[in-house]
Amino acid sequence: MTFNAEDFPNRFDHAQAQQRIYAMWEERGYFNSDPDPKRKPFTIVIPPPNVTGALHLGHALNNTLQDVLIRARRMQGYNALWMPGTDHAGIATQAVVEKRLREEEGKTRHDLGREKLVERIWQWKQQYEGRILGQLKRLGASCDWRRTRFTLDDTCARAVRHTFFDLFNKGFIYRGKRLVNWDTFLQTAVSDDEVEQKTVKGHFWHFRYPVIDPQPGEPQFVTIATTRPETMLGDTAIAVHPDPAAALDKLEAELKEKLAKAPGKEKAGVEAQIDETRRRRETMLPLLVKLRDMALDGRMVMLPLLDREISLVADEWARPEMGSGCVKITPAHDPNDYDVGLRCDLPMINILNPDGTLNENGGPYKGLNIQQARKNVVTDMEAAGLLESVEDREIELPHSDRSKTPIEPFLADQWFVRMDELAQSAMDAVSDGRVKIFPPRYAKGYLDWLSEKRDWPVSRQLWWGHQIPVWSQICRDKETADRLIAQLDGDADVAAGRVSYQLELDVEREAAERHDHTVRGAAKVKIPYGTLHVCILAEDDKLAARYEKQGYVREEDVLDTWFSSALWPHSTLGWPEKTPELEYYYPTSTLITSRDIITLWVARMVLTGLNNMGDVPFREVFIHPKILDGEGETMSKSKGNGIDPLDVIDKFGADALRYGMTYLTTETQDVRMPVQFECPHCEELINQTRKNRELPRIACSKCNKPFSTQWARTAEDLALPRGAVVSERFELGRNFCNKLWNAARFALINMPEFEAGPVADSDLAVEDRWVLSRLATVTQEVTDALQEYHYADAARALYDFAWDEFCSFYVEMVKHRLQDESSRVAAQRVLAHTLDVLLRLLHPILPFITEEMWQLLAKAAPRRGLPKPTPAAESIMIAEWPIADAARRDARIEDRFAQFQQALGALREIRARQNIAPKNELEFTVRCSAETADLLQPMEPYFASMANAHSIGWGENVEPPKTNATVSLPGMDIIVDLKDYIDVEAECARLKKQQDKLAGLIQGKEKKLSNAGFVDKAPADVVARERESLAELQQQLETVRTALADMNCKS
RNA sequence: GGGCCGUUAGCUCAGUUGGCUAGAGCGCCGCCUUUACACGGCGGAUGUCGGCGGUUCAAGUCCGUCACGGCCCACCA
């Protein structure tokens, strides 16, 4: 087929091509993978995006990298499966749906009820899942869509249920009263990872609690301080250090040690601390010792306002160097106090309702919210004369990531996964290399986090998620528990392993019984003996009904989203069924994700994989950088600096987006991407700043017309066309695609009646040998780079080769041969082959444009390739990955080219400097060795075609023309006969500058070479190179000096 | 408080195991409508490689330290 310039567009129409090409791939089933024992699998499971909303640029990065890898491996002959899916994202999704419900209908979830709300969320999910999968397709993702999973679908549900049952049965899952981070707005516990600390302005109140029946010599009051006065209503003790003197001694010793090591400017601070410690020992120690003794005697103090007696206890948590040395203990509302409570067997009094108001334990403050209660408590304490003082202070307050409201530590029944053994197994897998993390530094965080082995709280007080498959019954007394257990022991389903049970003893009751706290404590209700939990393996309504009839009640809570995502690599493959997929694809090959979920997700996948499958979920993990905006801030829709990948695809094309993503993937922690608004009127890019990114409308800096942003709310603003948020960073990829497109366009126009066939070595021109040599090198580089996740290296190597070598040199040089009958055939064959290989190397990164060019190339040259032509694959997606042809590597040719390029550059530089029009032919002389002359003289035609210059002399003793411009290069001088073109001043200025530079370099080298240490100790080849280099520099300097003299330049 | 990352041209970033004159893209300056490409071509200018100290014949590269920016983890009444 013949291509004509007229009907061959010089722009790649990405919008039109992407859709058509993607549909073709999908239709032909190229994305599909099925187990095939004859082939090696290569598997990636997608980090399932949340169905909360649309994909952002981070997703574009993450999924581009996966697609690049999966496409490369597919071409390399692996049976490549990319498993797609989405995540139900419990809290996040329920929160957005609830928010809409509130805003649009003024209803809460309780108005709707569990079933209806869940139904609403499913509707939301349907809508967003479709949108997300559509976005992935527009990105070019080659997932096997037939296998799309959702973390809340039936397959995943079965996996969750089996895992939960197994862990329950092994005793790895338990329920306990624990302090949780309570989000009073969403009314659920959130995990530590969903909590962020914020510094806010607060106060520090000092309260006095009266001592009961103070004896002579004993204090009347104990003073404590708090930032949360209302929590005193839940106080159950005052703590003092068990050995305050020793504690102060130890502190002082530590401070002295620190002082010795501290840098000068910090010494004063440490000294002040030491003084303070000494002062405290003098002034406060006797009181603290007295209080300690009282604590050991079991003395009590009176909790004001509620008139409840509480204990004095001795516990190391009370630090003598802090505040008054005494600390109030609120076990139900403070994590540290909770630990004290456990150690000292204190009652735990919860004063809060789930909505954040005070419950009956708050006495007269019942029903108030926290702010009101705080105010009233302070007022009442002041009125009672028990408020000693108030200070202003900045305090760290935990906030919920989701609702942005303050977190209240709250004592609640929660389910936990015991982490000790599981965590250890996941640590071992990374330590012994069964799972390799790239870049390796990220293994440290993974191991550190796991080594704490903190139990994983898995219950969430939500409705959207996997409901915990446990039915529970409270046992008032031991007899009841024994009777129920006996019943379960005789149960056929328990015997058959379909049902498991656990008795949870009530910790408060245990503590209360030992210490008789219930008498004085506030726990008015009788505390039951414990709770019996029954876990049912499979979804079975009949079985459930049977237990419900016996008085067991289904657990309301659902599981943490990460519980189901933790199973993703095996649940998506069908576990617990023994599917052929599971057998064939597990363990998967690589996981590609971002660093913020290494612990939350990666670690947990490893431990559940080991527990359920007995093997790791993936062999390698690649952690990619995070994209920040131009200010170094995280991109987010709420800041207005988020780039929508679809806007980028619309403007620049999916390939440009993908190229940009690949190009920035180095091993760094994060990358900055300055953000612009695109004017919808004139396409001008307007830099985004912290200020303008918050505006609802912006006037274009070029055409001055206004456009709207995501903040537009008024009818007037909304009527304006919207300005997309993009980044000019993607111009790089767009331009690259355009360059490739036009190189291909040129090639295709110039190969009408292409005849396939081999090329004899004797028919290969020097540029053919050169480009084939370079192609072999680049093929190897790209293959290696992708193997090591060095995405940016692959992208750069291809860019440099395609642009600077293939386009700028090879295509330019081959032009005249394509006009010449005798050389045309060989030139076409090499050109077609080179383009073919280049396209295949580029395909994983730029799938659409390479496919388009591949199809066009197939029309012109259906059979092509060196050394022997073969029919091209029907799609580049299923073409074979190129193998570097080592035999084509030719150092001599590459060397010749390097010299040629330098000489050519020198000629062009002289032309530019002397302002000589391209039409005017240059005459030049090259002063160089005979070898160099031999090497370069054959390039004569290219000097003519590429610089419009012809040589008039070569060799060591050439006679340069009188009037000339010179460029002195290592190993040769390029001298151009200038006749009357010369701009003497420009030439002199340049020569002088070069003279100075050379003189400086020579001085440096001479100094180095006169250093005996260098000559003696450095490797001989390094020294020899330095000498050679010095000689060359001196030669160059000589040339420059002569030229300066010849031209009579003023010195 | 602990850990990690970064600091190289105006901007965004490359610089493998220390060793030839530290690079790219964008931007900037000059020239060019050369029949693939102005999303282009040719040429040019621009760097005390964050500071200080050390190891070494030799440091952008290794070590120590400080400063600044960022991220993660843990947090005290």
Side-chain angles (χ1 to χ4, degrees), chain A residues 5 8 10-12 192-193 197 204-206 224-228 231 239 263 317-319 322-324 326-330 334-337 396 441-442 444-445 448-449 452 595-596 598-599 625-626 628 630 632-634 652 656 663-664 666-674 727-729 731-732 734-750 790 792-793 796 799-800 807-808 811-812 815 905 908-913 915-919 946-948 970 997-998 1000-1001 1004-1005 1008 1011-1019 1021-1023 1025-1026 1028-1029 1032-1033:
Chain A
F8 199 137
N10 68 358
R11 292 280 164 86
F12 170 55
D192 290 348
D193 318 299
Q197 300 290 337
F204 205 40
W205 287 272
H206 297 260
I224 51 89
T226 181
T227 54
R228 296 190 300 156
T231 61
W317 170 241
R319 311 259 294 270
M322 309 284 298
S324 66
C326 298
V327 58
K328 67 193 265 304
I329 302 296
T330 323
D334 181 277
N336 296 301
D337 293 5
E396 297 281 312
R441 65 180 132 87
Y442 287 112
K444 186 172 165 51
D448 286 352
W449 185 81
E452 292 186 22
R595 61 189 153 80
D596 41 352
I598 294 173
T599 51
K626 184 173 177 176
L628 307 175
E633 292 182 45
T634 310
F652 298 105
Y663 185 83
L664 60 73
T666 59
E667 294 203 347
T668 184
Q669 175 176 270
D670 39 39
V671 290
R672 288 188 182 204
M673 179 169 284
S727 175
E728 64 187 4
R729 221 24 70 76
E731 286 177 357
L732 177 70
R734 194 257 327 253
N735 295 353
F736 183 44
C737 286
N738 185 247
K739 188 72 179 176
L740 292 167
W741 179 256
N742 279 288
R745 178 172 181 254
F746 169 82
L748 292 168
I749 289 169
N750 282 287
H790 291 165
D793 289 350
R796 282 166 214 265
Y799 185 97
D800 292 345
C807 291
S808 293
V811 169
E812 287 304 318
K815 272 178 181 171
R908 285 168 166 175
E909 191 193 327
I910 290 168
R911 184 187 288 283
R913 202 165 67 235
N915 224 340
I916 304 167
K919 277 179 253 172
M946 297 176 78
N948 193 19
K997 188 180 170 187
L998 287 167
L1001 289 169
K1005 297 248 182 241
K1008 200 174 193 179
N1011 180 343
F1014 173 68
V1015 181
D1016 294 347
K1017 294 189 185 172
D1021 61 317
V1022 172
V1023 178
R1025 264 208 305 275
E1026 285 295 312
E1028 211 171 295
S1029 157
E1032 250 160 29
L1033 288 168

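Residue numbers begin at 1 in each chain, while the letters A, B, ... track the order of the sequences. No hydrogens, no waters, no symmetry mates; every other heavy atom, side chains included, goes into these values.
A distance of about 14 Å separates the P atoms of B:rU48 and B:rG60, rounded to the whole Å. Taking atom C1' in both B:rC39 and B:rG27, one finds a spacing of 16 Å when rounded to whole Å. Between B:rC26 and B:rC63, the distance separating the two P atoms is 35 Å to the nearest Å. Nucleotides B:rU8 and B:rG50, compared at atom C1', are 10 Å apart to the nearest Å. Separating the P atom of B:rU35 from that of B:rC42 is a span of 15 Å, rounded to the nearest Å. Only the C1' atoms considered, B:rU56 is 31 Å distant from B:rA24, to the nearest whole Å. Only the C1' atoms considered, B:rC49 is 14 Å distant from B:rC13, to the nearest whole Å. Atom name C1', nucleotides B:rU65 and B:rC73: the rounded distance is 25 Å, in whole Å.
The A:Lys739 side chain lies nearest to B:rA36 when the options are B:rA36, B:rC42, B:rC5. Checking B:rC42, B:rA36, B:rG25 against every side-chain atom of A:Leu732, the shortest atom distance belongs to B:rG25. The side chain of A:Asn738 lies closest to B:rC37, out of B:rG19, B:rC37, B:rC42. Checking B:rC73, B:rA36, B:rC42 against the side-chain heavy atoms of A:Glu452 singles out B:rC73 as nearest. Here B:rC5 is the nucleotide among B:rC76, B:rC42, B:rC5 with the atom lying nearest to any side-chain atom of A:Arg441. Considering only side-chain atoms of A:Arg796, the nucleotide from B:rC13, B:rC5, B:rC31 that sits closest is B:rC13. With B:rC76, B:rG6, B:rC37 as the candidates, the nucleotide lying closest to the side chain of A:Glu812 is B:rC37. Taking every side-chain heavy atom of A:Lys444 into account, B:rC4 is the closest of B:rC4, B:rA36, B:rA14. Out of B:rG19, B:rC31, B:rC5, the shortest distance to the side chain of A:Asn915 is found at B:rC31.
Residue-level contact check: A:Asp670 touches the backbone only, with heavy atoms under 4.0 Å from sugar-phosphate atoms and none from bases. Using a 4.0 Å heavy-atom cutoff across all strands shown, A:Arg745 reaches sugar-phosphate atoms only and no base atom.
A stem is defined here as three or more consecutive Watson-Crick or G-U pairs, each with both distances under 3.5 Å; for RNA chain B these stems are B:1-7 with B:67-73, B:10-13 with B:23-26, B:28-32 with B:40-44, B:50-54 with B:62-66.
A:Phe204 pairs by the ring pair (Phe, Tyr, Trp, His ring centres under 6.0 Å) definition with A:His206, not counting sequence neighbours. Scanning for side chain to side chain contact (heavy atoms under 4.5 Å, CB included) contacts around A:Arg1025 gives A:Asp1021, A:Val1022, with sequence neighbours left out. Residues meeting the ring pair (Phe, Tyr, Trp, His ring centres under 6.0 Å) test with A:Phe746, sequence neighbours left out: none. The ring pair (Phe, Tyr, Trp, His ring centres under 6.0 Å) test applied to A:Phe652 returns no partner, not counting sequence neighbours.
Side-chain N/O atoms of A:Asn735 include one lying less than 4.0 angstrom from OP1 or OP2 on B:rG40. Considering only side-chain N and O atoms, A:Asn10 lies nowhere under 4.0 angstrom from the phosphate OP1 or OP2 of B:rA36.
A:Arg729 places a side-chain heavy atom less than 4.5 Å from the side chain of A:Pro674.
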Can you give one letter per nucleotide of nucleotides 7-12 of chain B, going 5' to 3': B for a protein heavy atom under 4.0 Å from the base, S for sugar-phosphate only, - for none?
-----S
